[in-house]
Amino acid sequence: MSQIRVRFAPSPTGYLHVGGARTALFNWLFARRHGGVFILRIEDTDLQRSSTAMVEGILQGMEWLGLDYDEGPFFQSDYVEQHRAAAHRLLDTGWAYRDFTPKAERTDAEVKQQISEAARQPALLNPWRDTPRAESDARAAAGEPHVIRFKVPQEGKTSFVDSVFGLQERECREIEDLVLLRTDGHPLYNLCVVVDDIEMGITHVIRGQDHLMNTHKQILIYQALGKPVPMFAHLPLILAPSKEKLSKRKHGEIVSVTAYRDRGFIPEAFLNFLALLGWAPDSAEFRDREIFSRAELIEHFSLDRIHKSNAVFNFNEGDERNWTDQKALWMNGEYIKSMPLEELLPLVRVELEKACLWNDEFDGVRRAEILRTLGILRDRYRTLTDFATLGRPYIVDGLDFTYDEAAVAKNLRKDPALATLLPALADQFATLDEFTHESTEAALRAFAEQQGVKAGLLINGSRTALTGQSVGPGMFDVFVAIGQSRTVERLRHAATLI
RNA sequence: GGCGCGUUGGUGUAACUGGUUAACACGCCGCCCUCUCAAGGCGGAGAGCACGGGUUCGAGUCCCGUACGCGCUACCA
(Lines give C-alpha, C1' and ligand atoms only; values in the text may rest on other atoms or scores of the structure.)
Protein backbone atom coordinates (compact mmCIF):
# COMPACT_ATOMS: atom_id res chain seq x y z
CA MET A 1 0.00 0.00 0.00
CA SER A 2 1.18 3.46 -0.80
CA GLN A 3 2.12 5.88 1.90
CA ILE A 4 -0.58 7.21 4.17
CA ARG A 5 -1.26 10.93 3.86
CA VAL A 6 -3.60 12.73 6.22
CA ARG A 7 -4.39 16.33 6.86
CA PHE A 8 -5.78 18.58 9.54
CA ALA A 9 -7.83 21.30 7.89
CA PRO A 10 -9.11 23.88 10.36
CA SER A 11 -10.90 27.01 9.25
CA PRO A 12 -9.42 30.10 10.86
CA THR A 13 -12.73 31.45 12.06
CA GLY A 14 -11.72 30.91 15.66
CA TYR A 15 -8.80 29.80 17.76
CA LEU A 16 -7.91 26.15 17.90
CA HIS A 17 -10.36 24.69 20.37
CA VAL A 18 -10.18 21.36 22.11
CA GLY A 19 -12.35 19.65 19.52
CA GLY A 20 -10.12 20.78 16.70
CA ALA A 21 -7.06 19.91 18.72
CA ARG A 22 -8.29 16.37 19.17
CA THR A 23 -8.97 16.05 15.46
CA ALA A 24 -5.45 17.27 14.80
CA LEU A 25 -4.08 14.87 17.39
CA PHE A 26 -5.83 11.84 15.93
CA ASN A 27 -4.62 12.69 12.44
CA TRP A 28 -1.13 13.16 13.77
CA LEU A 29 -1.17 9.93 15.77
CA PHE A 30 -2.45 8.04 12.76
CA ALA A 31 0.27 9.45 10.53
CA ARG A 32 3.02 8.81 13.07
CA ARG A 33 1.74 5.33 13.80
CA HIS A 34 1.95 4.33 10.16
CA GLY A 35 4.94 6.33 9.04
CA GLY A 36 2.64 8.58 7.04
CA VAL A 37 2.60 12.24 6.19
CA PHE A 38 0.71 14.79 8.26
CA ILE A 39 -0.34 17.93 6.41
CA LEU A 40 -1.72 21.19 7.75
CA ARG A 41 -4.10 23.03 5.52
CA ILE A 42 -5.87 26.22 6.51
CA GLU A 43 -9.36 26.37 5.03
CA ASP A 44 -9.72 30.07 4.63
CA THR A 45 -12.09 30.27 1.69
CA ASP A 46 -14.62 32.10 3.80
CA LEU A 47 -12.72 35.35 3.55
CA GLN A 48 -15.17 37.29 5.65
CA ARG A 49 -14.84 35.13 8.70
CA SER A 50 -11.20 34.17 8.45
CA SER A 51 -8.42 36.19 9.98
CA THR A 52 -4.66 35.99 10.20
CA ALA A 53 -4.85 36.31 13.97
CA MET A 54 -6.81 33.08 14.06
CA VAL A 55 -4.30 31.39 11.77
CA GLU A 56 -1.59 32.44 14.18
CA GLY A 57 -3.57 31.04 17.09
CA ILE A 58 -3.97 27.70 15.35
CA LEU A 59 -0.28 27.51 14.52
CA GLN A 60 0.63 28.31 18.10
CA GLY A 61 -1.72 25.69 19.43
CA MET A 62 -0.26 23.05 17.15
CA GLU A 63 3.25 23.98 18.11
CA TRP A 64 2.50 23.94 21.79
CA LEU A 65 0.97 20.48 21.54
CA GLY A 66 3.96 19.29 19.57
CA LEU A 67 1.83 18.29 16.60
CA ASP A 68 4.42 18.85 13.93
CA TYR A 69 3.32 18.71 10.34
CA ASP A 70 5.36 17.38 7.47
CA GLU A 71 3.85 19.61 4.81
CA GLY A 72 2.20 22.99 4.97
CA PRO A 73 0.69 25.07 6.24
CA PHE A 74 -1.11 25.40 2.95
CA PHE A 75 -3.80 27.98 2.49
CA GLN A 76 -6.86 26.94 0.63
CA SER A 77 -7.32 30.46 -0.68
CA ASP A 78 -4.13 30.03 -2.70
CA TYR A 79 -5.81 27.39 -4.80
CA VAL A 80 -8.99 29.14 -5.90
CA GLU A 81 -7.98 28.93 -9.53
CA GLN A 82 -7.78 25.18 -9.28
CA HIS A 83 -11.12 25.08 -7.53
CA ARG A 84 -12.71 27.13 -10.29
CA ALA A 85 -11.08 25.03 -12.95
CA ALA A 86 -12.53 21.93 -11.35
CA ALA A 87 -15.98 23.49 -11.28
CA HIS A 88 -15.74 24.32 -14.98
CA ARG A 89 -14.50 20.86 -15.76
CA LEU A 90 -17.63 19.53 -14.07
CA LEU A 91 -19.68 21.95 -16.11
CA ASP A 92 -18.06 20.67 -19.28
CA THR A 93 -18.62 17.06 -18.42
CA GLY A 94 -22.25 17.64 -17.57
CA TRP A 95 -21.81 17.11 -13.83
CA ALA A 96 -22.68 20.70 -13.08
CA TYR A 97 -24.93 23.43 -14.38
CA ARG A 98 -25.41 27.16 -14.13
CA ASP A 99 -28.22 28.38 -11.92
CA PHE A 100 -29.40 31.87 -12.82
CA THR A 101 -31.77 32.21 -9.90
CA PRO A 102 -31.19 35.61 -8.28
CA LYS A 103 -29.29 35.48 -5.04
CA ALA A 104 -31.35 35.85 -1.90
CA GLU A 105 -29.76 38.10 0.68
CA ARG A 106 -30.31 36.73 4.15
CA THR A 107 -28.69 36.65 7.52
CA ASP A 108 -27.46 33.58 9.31
CA ALA A 109 -30.51 33.64 11.52
CA GLU A 110 -32.84 33.83 8.54
CA VAL A 111 -31.05 30.94 6.89
CA LYS A 112 -31.53 28.80 9.95
CA GLN A 113 -35.16 29.77 10.11
CA GLN A 114 -35.75 29.01 6.46
CA ILE A 115 -34.06 25.66 6.65
CA SER A 116 -36.63 24.31 9.06
CA GLU A 117 -39.53 25.93 7.24
CA ALA A 118 -38.62 25.28 3.65
CA ALA A 119 -37.43 21.77 4.34
CA ARG A 120 -40.91 20.73 5.34
CA GLN A 121 -41.91 20.24 1.74
CA PRO A 122 -39.87 18.02 -0.55
CA ALA A 123 -37.41 20.07 -2.53
CA LEU A 124 -38.28 20.70 -6.14
CA LEU A 125 -35.85 19.95 -8.87
CA ASN A 126 -33.92 23.06 -9.81
CA PRO A 127 -35.46 24.51 -12.99
CA TRP A 128 -32.04 25.34 -14.42
CA ARG A 129 -30.82 21.80 -14.09
CA ASP A 130 -31.57 20.82 -17.64
CA THR A 131 -31.22 24.11 -19.41
CA PRO A 132 -29.57 23.45 -22.78
CA ARG A 133 -25.87 24.13 -22.70
CA ALA A 134 -26.09 26.62 -25.55
CA GLU A 135 -28.63 28.75 -23.70
CA SER A 136 -26.65 28.52 -20.50
CA ASP A 137 -23.48 29.60 -22.27
CA ALA A 138 -25.27 32.47 -23.97
CA ARG A 139 -26.67 33.81 -20.72
CA ALA A 140 -23.30 33.50 -19.04
CA ALA A 141 -21.59 35.22 -21.95
CA ALA A 142 -24.11 38.02 -21.63
CA GLY A 143 -22.94 38.52 -18.09
CA GLU A 144 -26.01 37.20 -16.37
CA PRO A 145 -25.18 36.42 -12.73
CA HIS A 146 -25.27 32.76 -11.77
CA VAL A 147 -23.89 30.11 -9.50
CA ILE A 148 -22.57 26.76 -10.58
CA ARG A 149 -24.28 23.84 -8.95
CA PHE A 150 -23.35 20.21 -8.85
CA LYS A 151 -25.88 18.06 -10.65
CA VAL A 152 -26.66 15.35 -8.13
CA PRO A 153 -27.94 12.17 -9.78
CA GLN A 154 -31.61 11.46 -9.21
CA GLU A 155 -31.10 7.74 -9.09
CA GLY A 156 -29.14 5.46 -6.84
CA LYS A 157 -27.32 6.10 -3.62
CA THR A 158 -23.89 6.90 -2.36
CA SER A 159 -22.18 4.75 0.16
CA PHE A 160 -18.90 4.44 1.96
CA VAL A 161 -17.53 2.51 4.88
CA ASP A 162 -16.53 4.86 7.64
CA SER A 163 -13.70 3.55 9.82
CA VAL A 164 -15.58 4.61 12.91
CA PHE A 165 -19.27 4.59 12.00
CA GLY A 166 -19.30 1.70 9.58
CA LEU A 167 -21.36 1.51 6.40
CA GLN A 168 -23.00 4.79 5.47
CA GLU A 169 -25.59 5.07 2.74
CA ARG A 170 -27.68 7.91 1.43
CA GLU A 171 -30.21 8.21 -1.35
CA CYS A 172 -28.95 10.62 -3.97
CA ARG A 173 -32.36 12.21 -4.37
CA GLU A 174 -32.11 13.42 -0.78
CA ILE A 175 -29.01 15.40 -1.58
CA GLU A 176 -29.57 18.88 -2.89
CA ASP A 177 -27.71 20.28 -5.88
CA LEU A 178 -24.99 21.97 -3.92
CA VAL A 179 -23.42 25.21 -5.01
CA LEU A 180 -19.86 24.79 -6.23
CA LEU A 181 -19.13 28.36 -7.26
CA ARG A 182 -20.91 31.37 -5.89
CA THR A 183 -22.25 34.23 -8.02
CA ASP A 184 -19.02 36.10 -7.37
CA GLY A 185 -17.03 33.11 -8.52
CA HIS A 186 -15.88 32.04 -5.08
CA PRO A 187 -15.54 28.29 -4.68
CA LEU A 188 -17.35 26.71 -1.74
CA TYR A 189 -16.26 24.28 0.90
CA ASN A 190 -17.39 20.95 -0.48
CA LEU A 191 -15.67 21.56 -3.79
CA CYS A 192 -12.52 22.96 -2.21
CA VAL A 193 -11.92 20.08 0.16
CA VAL A 194 -12.29 17.52 -2.56
CA VAL A 195 -10.03 19.31 -5.00
CA ASP A 196 -7.41 19.94 -2.34
CA ASP A 197 -7.54 16.45 -0.94
CA ILE A 198 -7.08 15.07 -4.43
CA GLU A 199 -4.25 17.50 -5.12
CA MET A 200 -2.49 16.60 -1.87
CA GLY A 201 -2.97 12.90 -2.34
CA ILE A 202 -4.87 12.48 0.90
CA THR A 203 -5.52 8.82 1.60
CA HIS A 204 -7.47 9.09 4.86
CA VAL A 205 -9.81 11.86 5.86
CA ILE A 206 -10.11 12.02 9.63
CA ARG A 207 -12.44 14.78 10.80
CA GLY A 208 -15.38 15.59 13.03
CA GLN A 209 -18.67 13.78 12.80
CA ASP A 210 -20.34 17.02 11.80
CA HIS A 211 -19.04 16.28 8.30
CA LEU A 212 -20.57 12.84 8.03
CA MET A 213 -23.39 14.09 5.77
CA ASN A 214 -21.05 16.19 3.65
CA THR A 215 -19.10 13.10 2.86
CA HIS A 216 -21.80 11.84 0.52
CA LYS A 217 -21.69 15.06 -1.48
CA GLN A 218 -17.94 14.93 -1.60
CA ILE A 219 -17.89 11.35 -2.78
CA LEU A 220 -20.15 12.35 -5.65
CA ILE A 221 -17.65 15.04 -6.60
CA TYR A 222 -14.72 12.63 -6.42
CA GLN A 223 -16.56 10.30 -8.73
CA ALA A 224 -17.59 13.05 -11.14
CA LEU A 225 -13.97 14.13 -11.26
CA GLY A 226 -12.96 10.55 -11.93
CA LYS A 227 -10.73 10.32 -8.89
CA PRO A 228 -10.36 7.59 -6.28
CA VAL A 229 -12.23 8.18 -3.04
CA PRO A 230 -10.11 8.24 0.13
CA MET A 231 -10.92 6.42 3.35
CA PHE A 232 -13.01 8.30 5.87
CA ALA A 233 -13.02 8.24 9.64
CA HIS A 234 -15.42 10.54 11.46
CA LEU A 235 -14.78 11.39 15.06
CA PRO A 236 -17.49 11.75 17.69
CA LEU A 237 -17.99 15.33 18.79
CA ILE A 238 -16.74 16.91 21.96
CA LEU A 239 -19.62 18.54 23.77
CA ALA A 240 -19.82 21.38 26.24
CA PRO A 241 -21.40 20.61 29.64
CA SER A 242 -24.64 21.86 28.11
CA LYS A 243 -24.28 19.01 25.59
CA GLU A 244 -23.90 21.23 22.55
CA LYS A 245 -21.06 21.07 20.11
CA LEU A 246 -18.08 22.97 21.42
CA SER A 247 -17.54 26.29 19.75
CA LYS A 248 -15.21 29.15 20.31
CA ARG A 249 -17.98 31.64 19.73
CA LYS A 250 -20.37 30.16 22.24
CA HIS A 251 -18.02 28.92 24.90
CA GLY A 252 -15.25 31.43 24.73
CA GLU A 253 -11.60 31.33 25.44
CA ILE A 254 -11.92 28.51 27.94
CA VAL A 255 -12.14 25.96 25.11
CA SER A 256 -9.14 27.26 23.19
CA VAL A 257 -5.92 25.32 23.55
CA THR A 258 -3.89 28.47 24.06
CA ALA A 259 -5.93 29.01 27.22
CA TYR A 260 -4.63 25.69 28.51
CA ARG A 261 -1.10 26.72 27.68
CA ASP A 262 -1.56 30.06 29.41
CA ARG A 263 -3.20 28.55 32.46
CA GLY A 264 -0.38 26.19 33.19
CA PHE A 265 -1.02 22.94 31.40
CA ILE A 266 1.81 20.72 30.29
CA PRO A 267 1.35 19.87 26.61
CA GLU A 268 2.02 16.17 27.18
CA ALA A 269 -0.68 16.06 29.82
CA PHE A 270 -3.23 17.86 27.72
CA LEU A 271 -2.45 15.62 24.79
CA ASN A 272 -2.86 12.58 27.01
CA PHE A 273 -6.23 13.83 28.19
CA LEU A 274 -7.41 14.61 24.68
CA ALA A 275 -6.38 11.22 23.38
CA LEU A 276 -8.65 9.52 25.89
CA LEU A 277 -11.68 11.52 24.84
CA GLY A 278 -13.38 9.10 22.50
CA TRP A 279 -10.58 6.61 22.22
CA ALA A 280 -9.08 3.89 24.37
CA PRO A 281 -6.06 1.70 23.81
CA ASP A 282 -6.60 -1.88 22.81
CA SER A 283 -3.88 -3.59 24.73
CA ALA A 284 -5.02 -5.37 27.88
CA GLU A 285 -1.76 -4.24 29.38
CA PHE A 286 -2.93 -0.63 29.10
CA ARG A 287 -6.55 -1.19 29.96
CA ASP A 288 -6.43 0.14 33.47
CA ARG A 289 -3.97 2.91 32.89
CA GLU A 290 -4.66 6.52 32.12
CA ILE A 291 -1.22 8.02 31.75
CA PHE A 292 0.38 7.40 28.39
CA SER A 293 3.48 8.91 26.93
CA ARG A 294 3.42 10.35 23.46
CA ALA A 295 5.35 7.33 22.21
CA GLU A 296 2.86 4.93 23.75
CA LEU A 297 -0.03 6.82 22.23
CA ILE A 298 1.58 6.57 18.80
CA GLU A 299 2.38 2.93 19.23
CA HIS A 300 -1.13 1.92 20.22
CA PHE A 301 -3.29 4.31 18.23
CA SER A 302 -5.84 2.80 15.91
CA LEU A 303 -8.97 4.11 14.28
CA ASP A 304 -11.06 1.12 15.23
CA ARG A 305 -10.75 1.91 18.92
CA ILE A 306 -12.47 5.24 18.44
CA HIS A 307 -15.98 5.00 19.69
CA LYS A 308 -19.11 6.53 18.32
CA SER A 309 -20.77 8.54 21.01
CA ASN A 310 -20.01 12.16 21.77
CA ALA A 311 -17.98 13.03 24.84
CA VAL A 312 -18.72 15.78 27.31
CA PHE A 313 -15.84 18.04 28.17
CA ASN A 314 -16.49 19.57 31.57
CA PHE A 315 -15.28 23.08 32.02
CA ASN A 316 -16.57 25.64 34.42
CA GLU A 317 -15.27 29.08 33.85
CA GLY A 318 -16.73 30.51 37.03
CA ASP A 319 -14.98 28.05 39.29
CA GLU A 320 -11.50 29.27 40.04
CA ARG A 321 -10.22 25.95 41.29
CA ASN A 322 -11.97 23.62 38.89
CA TRP A 323 -12.10 25.87 35.87
CA THR A 324 -11.78 22.96 33.50
CA ASP A 325 -12.38 19.25 33.38
CA GLN A 326 -11.26 17.79 36.68
CA LYS A 327 -9.74 14.79 35.07
CA ALA A 328 -7.63 17.02 32.88
CA LEU A 329 -6.47 18.90 35.97
CA TRP A 330 -5.73 15.68 37.79
CA MET A 331 -3.78 14.40 34.84
CA ASN A 332 -1.76 17.58 34.60
CA GLY A 333 -0.98 17.19 38.29
CA GLU A 334 0.24 13.67 37.67
CA TYR A 335 2.65 14.92 35.05
CA ILE A 336 3.82 17.73 37.30
CA LYS A 337 4.61 15.38 40.16
CA SER A 338 6.24 12.65 38.14
CA MET A 339 8.30 14.36 35.46
CA PRO A 340 12.02 14.90 36.00
CA LEU A 341 12.60 18.10 37.96
CA GLU A 342 15.12 19.26 35.36
CA GLU A 343 12.33 19.19 32.78
CA LEU A 344 9.85 20.82 35.09
CA LEU A 345 12.08 23.77 35.89
CA PRO A 346 11.99 25.40 32.44
CA LEU A 347 8.21 25.09 32.38
CA VAL A 348 7.92 26.67 35.80
CA ARG A 349 10.41 29.30 34.75
CA VAL A 350 7.97 30.61 32.16
CA GLU A 351 5.35 31.06 34.86
CA LEU A 352 7.76 32.73 37.24
CA GLU A 353 8.90 35.08 34.53
CA LYS A 354 5.33 36.03 33.79
CA ALA A 355 4.89 36.84 37.48
CA CYS A 356 8.24 38.65 37.66
CA LEU A 357 9.50 36.12 40.18
CA TRP A 358 12.28 34.61 38.14
CA ASN A 359 15.83 35.13 39.29
CA ASP A 360 18.66 34.19 36.97
CA GLU A 361 20.45 32.57 39.87
CA PHE A 362 17.77 29.88 39.74
CA ASP A 363 19.56 28.67 36.67
CA GLY A 364 22.96 29.17 38.29
CA VAL A 365 24.11 29.10 41.89
CA ARG A 366 20.61 28.59 43.26
CA ARG A 367 19.59 25.89 40.80
CA ALA A 368 19.83 23.04 43.32
CA GLU A 369 17.87 25.08 45.80
CA ILE A 370 15.04 25.87 43.41
CA LEU A 371 14.87 22.28 42.21
CA ARG A 372 14.50 21.12 45.79
CA THR A 373 11.75 23.67 46.37
CA LEU A 374 9.88 22.54 43.25
CA GLY A 375 10.29 19.01 44.49
CA ILE A 376 8.47 19.65 47.73
CA LEU A 377 5.79 21.86 46.19
CA ARG A 378 4.77 19.89 43.16
CA ASP A 379 3.04 17.05 44.97
CA ARG A 380 -0.01 19.15 45.54
CA TYR A 381 -0.04 21.41 42.52
CA ARG A 382 -2.11 20.77 39.44
CA THR A 383 -1.06 23.52 37.09
CA LEU A 384 2.19 25.29 36.38
CA THR A 385 0.66 28.60 37.36
CA ASP A 386 0.25 27.25 40.88
CA PHE A 387 4.01 27.62 41.28
CA ALA A 388 3.73 31.34 40.71
CA THR A 389 0.60 31.86 42.79
CA LEU A 390 0.47 29.31 45.58
CA GLY A 391 4.23 28.90 45.40
CA ARG A 392 5.00 32.59 45.53
CA PRO A 393 5.99 32.71 49.23
CA TYR A 394 8.56 30.00 48.58
CA ILE A 395 10.17 31.89 45.75
CA VAL A 396 10.02 35.52 46.63
CA ASP A 397 12.41 37.44 48.86
CA GLY A 398 11.27 39.42 51.85
CA LEU A 399 7.61 39.59 52.68
CA ASP A 400 6.22 40.20 49.24
CA PHE A 401 3.33 37.75 49.47
CA THR A 402 -0.13 37.79 50.96
CA TYR A 403 -1.32 36.28 54.20
CA ASP A 404 -4.54 34.38 53.93
CA GLU A 405 -6.93 35.81 56.51
CA ALA A 406 -8.39 32.45 57.44
CA ALA A 407 -4.93 31.00 57.87
CA VAL A 408 -3.82 33.87 60.08
CA ALA A 409 -6.91 33.48 62.22
CA LYS A 410 -6.53 29.74 62.48
CA ASN A 411 -2.80 29.41 63.01
CA LEU A 412 -1.57 32.71 64.41
CA ARG A 413 -4.26 34.63 66.22
CA LYS A 414 -5.59 31.44 67.74
CA ASP A 415 -3.00 31.70 70.49
CA PRO A 416 -1.72 35.17 71.45
CA ALA A 417 1.33 33.57 72.98
CA LEU A 418 2.60 33.04 69.46
CA ALA A 419 3.35 36.75 69.31
CA THR A 420 6.30 36.07 71.57
CA LEU A 421 6.89 32.43 70.82
CA LEU A 422 7.54 32.86 67.13
CA PRO A 423 10.17 35.59 67.48
CA ALA A 424 11.76 33.48 70.20
CA LEU A 425 11.76 30.54 67.85
CA ALA A 426 13.38 32.78 65.29
CA ASP A 427 16.15 33.47 67.75
CA GLN A 428 16.68 29.76 68.19
CA PHE A 429 16.82 29.24 64.45
CA ALA A 430 19.21 32.13 64.02
CA THR A 431 21.79 30.34 66.10
CA LEU A 432 21.78 27.15 64.04
CA ASP A 433 25.01 26.49 62.17
CA GLU A 434 23.30 24.08 59.89
CA PHE A 435 19.79 24.69 58.62
CA THR A 436 18.43 21.27 57.70
CA HIS A 437 15.32 19.20 58.11
CA GLU A 438 16.93 17.50 61.10
CA SER A 439 18.37 20.55 62.79
CA THR A 440 15.22 22.63 62.47
CA GLU A 441 13.09 19.81 63.76
CA ALA A 442 15.37 19.23 66.74
CA ALA A 443 15.47 22.92 67.53
CA LEU A 444 11.74 23.44 67.21
CA ARG A 445 10.79 20.41 69.28
CA ALA A 446 13.29 21.27 72.00
CA PHE A 447 11.98 24.81 72.10
CA ALA A 448 8.38 23.61 72.29
CA GLU A 449 9.20 21.34 75.16
CA GLN A 450 11.08 24.04 76.98
CA GLN A 451 8.14 26.42 76.59
CA GLY A 452 5.62 23.76 77.48
CA VAL A 453 3.62 24.06 74.28
CA LYS A 454 2.73 21.52 71.65
CA ALA A 455 5.07 21.35 68.70
CA GLY A 456 2.01 21.54 66.44
CA LEU A 457 1.24 25.03 67.64
CA LEU A 458 4.64 26.26 66.53
CA ILE A 459 4.60 24.24 63.37
CA ASN A 460 1.25 25.51 62.17
CA GLY A 461 2.07 29.01 63.30
CA SER A 462 5.32 28.84 61.41
CA ARG A 463 3.59 27.66 58.28
CA THR A 464 1.36 30.67 58.19
CA ALA A 465 4.17 32.96 59.28
CA LEU A 466 6.43 31.75 56.49
CA THR A 467 3.92 31.21 53.69
CA GLY A 468 0.77 33.04 54.63
CA GLN A 469 -1.06 29.78 54.06
CA SER A 470 -2.58 27.07 56.19
CA VAL A 471 -1.58 24.21 53.94
CA GLY A 472 1.63 23.09 52.37
CA PRO A 473 4.42 20.55 52.46
CA GLY A 474 5.87 19.12 55.65
CA MET A 475 7.03 22.07 57.73
CA PHE A 476 10.66 21.06 58.17
CA ASP A 477 10.98 20.83 54.43
CA VAL A 478 9.43 24.25 54.23
CA PHE A 479 11.97 25.72 56.65
CA VAL A 480 14.79 24.44 54.50
CA ALA A 481 13.15 25.61 51.30
CA ILE A 482 12.58 29.10 52.64
CA GLY A 483 16.07 29.13 54.13
CA GLN A 484 17.48 30.38 57.38
CA SER A 485 17.45 34.12 56.85
CA ARG A 486 13.99 34.36 55.34
CA THR A 487 12.65 32.02 58.00
CA VAL A 488 14.02 34.16 60.81
CA GLU A 489 12.76 37.33 59.17
CA ARG A 490 9.26 36.01 58.64
CA LEU A 491 8.92 34.47 62.08
CA ARG A 492 9.78 37.80 63.63
CA HIS A 493 7.44 39.66 61.36
CA ALA A 494 4.60 37.31 62.22
CA ALA A 495 4.38 38.85 65.68
CA THR A 496 2.99 41.99 64.09
CA LEU A 497 0.10 40.04 62.63
CA ILE A 498 -1.14 38.71 65.95
C1' G B 1 -39.96 18.83 9.16
C1' G B 2 -36.31 15.44 6.56
C1' C B 3 -31.94 12.68 6.80
C1' G B 4 -28.00 10.75 9.75
C1' C B 5 -25.55 9.30 14.25
C1' G B 6 -25.64 8.04 19.22
C1' U B 7 -27.53 6.29 24.39
C1' U B 8 -22.89 1.71 30.21
C1' G B 9 -22.75 5.28 37.62
C1' G B 10 -22.03 12.90 37.83
C1' U B 11 -17.74 12.78 33.85
C1' G B 12 -14.20 9.94 30.63
C1' U B 13 -13.88 4.93 29.37
C1' A B 14 -13.68 -1.01 29.72
C1' A B 15 -16.25 -5.54 29.28
C1' C B 16 -12.66 -11.33 23.79
C1' U B 17 -16.52 -13.51 18.32
C1' G B 18 -23.71 -13.14 23.78
C1' G B 19 -22.03 -16.71 29.39
C1' U B 20 -20.33 -15.80 36.85
C1' U B 21 -22.38 -10.52 42.03
C1' A B 22 -20.81 -4.84 35.02
C1' A B 23 -14.38 -3.20 35.57
C1' C B 24 -10.89 1.15 35.66
C1' A B 25 -9.83 6.45 36.11
C1' C B 26 -11.59 11.40 37.60
C1' G B 27 -14.91 13.38 41.03
C1' C B 28 -17.70 12.53 45.67
C1' C B 29 -17.96 10.50 50.92
C1' G B 30 -15.48 8.26 55.13
C1' C B 31 -11.28 6.44 57.81
C1' C B 32 -5.94 6.29 58.65
C1' C B 33 -1.21 8.81 58.70
C1' U B 34 0.11 13.42 60.50
C1' C B 35 2.42 19.65 61.95
C1' U B 36 -1.56 21.31 57.78
C1' C B 37 -3.69 19.71 53.08
C1' A B 38 -5.45 20.96 47.79
C1' A B 39 -0.28 15.31 49.53
C1' G B 40 -0.13 9.88 50.61
C1' G B 41 -2.53 5.05 52.22
C1' C B 42 -7.13 2.32 52.89
C1' G B 43 -12.23 1.76 52.25
C1' G B 44 -17.27 3.21 50.60
C1' A B 45 -21.53 5.08 48.01
C1' G B 46 -22.96 5.54 43.06
C1' A B 47 -24.98 2.40 36.71
C1' G B 48 -27.90 -3.48 36.58
C1' C B 49 -26.09 -1.11 31.03
C1' A B 50 -32.30 5.05 28.02
C1' C B 51 -37.27 2.54 27.81
C1' G B 52 -40.51 -1.44 25.81
C1' G B 53 -40.78 -5.87 23.25
C1' G B 54 -38.44 -10.02 20.77
C1' U B 55 -34.54 -14.00 19.56
C1' U B 56 -31.76 -17.37 22.95
C1' C B 57 -30.69 -22.18 27.97
C1' G B 58 -28.53 -17.30 28.62
C1' A B 59 -28.09 -10.24 26.06
C1' G B 60 -24.99 -4.27 28.02
C1' U B 61 -23.50 -7.33 23.76
C1' C B 62 -28.23 -9.71 18.18
C1' C B 63 -33.36 -7.84 16.04
C1' C B 64 -37.67 -4.39 16.11
C1' G B 65 -40.10 -0.19 18.09
C1' U B 66 -40.33 4.20 21.33
C1' A B 67 -38.07 8.16 23.91
C1' C B 68 -34.25 11.41 24.50
C1' G B 69 -29.75 13.77 22.87
C1' C B 70 -26.60 15.45 19.14
C1' G B 71 -25.24 16.55 14.09
C1' C B 72 -26.38 17.95 9.11
C1' U B 73 -30.01 20.11 6.19
C1' A B 74 -26.49 28.04 3.44
C1' C B 75 -24.20 31.51 -2.72
C1' C B 76 -20.69 29.00 6.12
C1' A B 77 -16.87 25.69 7.01
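Atom set for the values below is all heavy atoms of this structure, side chains included, hydrogens, waters and symmetry mates excluded. The chains referred to below are lettered A, B, ... by the order of the sequence lines, with proteins before strands, and numbering in each begins at 1.
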Exercise for review: Take atom CD of Gln209(A) and atom C1' of C72(B), then tell me their distance rounded to the nearest Å.
Suggested key: 9 Å
**Study point:** Atom-pair distance (CZ on Phe273(A); P on U13(B)), nearest Å
**Key:** 9 Å
Practice item. Just do the side chain to side chain contact (heavy atoms under 4.5 Å, CB included) check on Phe265(A) and Leu384(A) with the steps written out, would you? Key: CA-CA 6 Å; Phe265(A) 263 79; Leu384(A) 295 168; over 6 Å; no
Review point. So does Asp386(A) reach the base of A38(B) with its side chain, donor to acceptor, closer than 3.5 Å?
Key: no
**Study point:** Syn/anti label of G48(B) as read from its glycosidic torsion, with the cut at 90° from 0
**Key:** syn
Practice item. Would you classify Leu390(A) as touching base, sugar-phosphate or nothing, given that sugar-phosphate means primed atoms plus P, OP1 and OP2, and contacts are heavy atoms under 4.0 Å? Key: base
Exercise for review: Taking only the side-chain nitrogens and oxygens of Arg149(A), find out if one of them lies under 4.0 Å from OP1 or OP2 of C75(B).
Suggested key: yes
Review point. With no hydrogens and no angle check, is any side-chain donor or acceptor of Asp197(A) less than 3.5 Å from a backbone partner on Val194(A)?
Key: no
Exercise for review: Please confirm whether any donor atom in the side chain of Arg170(A) sits under 3.5 Å from an acceptor in the base of C3(B), or the reverse.
Suggested key: no
Point to revise | Distance, rounded to the nearest Å, where Tyr79(A) contributes OH and A77(B) contributes C1' | key: 19 Å
Exercise for review: Kindly say whether, by distance alone, the side chain of Arg289(A) makes a donor-acceptor pair under 3.5 Å with the base of A25(B)?
Suggested key: no
Review point. To the nearest angstrom, how far is Tyr335(A) atom OH from A25(B) atom C1'?
Key: 14 Å
